[in-house]
Undergrad: 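Attaching a single structure in structure tokens format; questions to follow.
All values reported here derive from a predicted model rather than from experimental measurement.
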Amino acid sequence: MASNDFDELIETAMAESGGARLLLVLLKVEGAGTGSGGGSLTPVLANDVVVEAGVDLDAVVRQADLVGLPWDLIMAAVLTDPTGRVPSSAAAEPHLKKMADDLMRSGDLSRYAVFDRAGDRLSISRAH
């Protein structure tokens, strides 16, 4: 059973027939604290992970922290393949790029889930 919103996303993805790949963009909040609103979001690192047993928020945070870059939030999406196979990292690459581009261009982020380091889902509004 999921202990936070992020793990719930993973459980939902694991229930998909076939396989899924978790798309992750780590974000840094610039110019404001994560709880105070305002500020801007900057992508720090993009990565994809096969959704399988053992993948959860703790594992993602541990792996992200090993990189050594400061980050505050996780923007996530799930990529599936209509054939039921797990999508490859190569197939995930353009989707990760689009996620980062949407963020940088103040695009529509409603298709992505954004979480804090505790795995709680956040609502992100963009100024245009």
Undergrad: Does the pair D5 and F115 meet the rule for a side chain to side chain contact (heavy atoms under 4.5 Å, CB included), with working shown?
TA: CA-CA 8 Å; D5 296 332; F115 303 91; 3.7 Å; yes
Undergrad: Before giving the answer on side chain to side chain contact (heavy atoms under 4.5 Å, CB included), spell out for L9 and V78 the whole-Å C-alpha distance, their side-chain angles and the decisive distance to 0.1 Å.
TA: CA-CA 8 Å; L9 173 71; V78 176; 3.9 Å; yes
Undergrad: Pairs in or reaching into residues 82-99: which pass salt bridge (Lys or Arg N to Asp or Glu O under 4.0 Å), with residues at least two apart or in two chains?
TA: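 Salt bridge (Lys or Arg N to Asp or Glu O under 4.0 Å) check on residues 82-99 returns K97-D101, K98-D102.
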Undergrad: Closest approach of G19 and V86, non-hydrogen atoms and distance?
TA: CA-CG2, 3.5 Å
Undergrad: In the structure I gave you, are the side-chain heavy atoms of K28 and W71 within less than 4.5 Å of one another anywhere?
TA: no
Undergrad: ring-ring contact (aromatic ring centres under 6.0 Å, His included) with Y112: which residues, sequence neighbours excluded?
TA: none
Undergrad: For S110, enumerate each residue passing the side-chain contact (heavy atoms from CB on, under 4.5 Å) test, keeping only those at least two apart in sequence or located in another chain.
TA: D108
Undergrad: Which atom pair, heavy atoms only, marks the closest approach of T80 to A20?
TA: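 For T80 and A20, the tightest heavy-atom pair comes out as CG2-CB, 4.0 Å.
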Undergrad: Ignoring hydrogens, what is the shortest heavy-atom contact between L24 and A76? Give both atom names and the distance.
TA: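 Smallest heavy-atom distance, with atoms named: CD2-CB, 3.9 Å.
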Undergrad: I need the minimum non-hydrogen distance between L103 and P43, along with the two atoms involved.
TA: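 For L103 and P43, the tightest heavy-atom pair comes out as CD2-CD, 3.5 Å.
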Undergrad: At their closest point, which heavy atom of A90 faces which heavy atom of P94, and how far apart are they?
TA: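 Heavy atoms only, the tightest pair is O-CD, 3.4 Å.
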Undergrad: Which one of V25, L26, L41 satisfies the side chain to side chain contact (heavy atoms under 4.5 Å, CB included) criterion with M75?
TA: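 Among the candidates, only V25 passes.
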Undergrad: Please table the atom pairs, donor to acceptor, closer than 3.5 Å between any side-chain atom in residues 44-52 and protein atoms at least two apart or in another chain.
TA:
{"unit_1": "D48", "atom_1": "OD2", "unit_2": "R21", "atom_2": "NH1", "d": "2.6"}
{"unit_1": "D48", "atom_1": "OD2", "unit_2": "S89", "atom_2": "OG", "d": "2.7"}

Undergrad: Ignoring hydrogens, what is the shortest heavy-atom contact between I74 and F6? Give both atom names and the distance.
TA: CG2-CE1, 4.1 Å
Undergrad: Could I get the full list of salt bridge (Lys or Arg N to Asp or Glu O under 4.0 Å) partners for D65, not counting sequence neighbours?
TA: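 If we apply the salt bridge (Lys or Arg N to Asp or Glu O under 4.0 Å) test to D65, skipping adjacent residues, the hits are R117.
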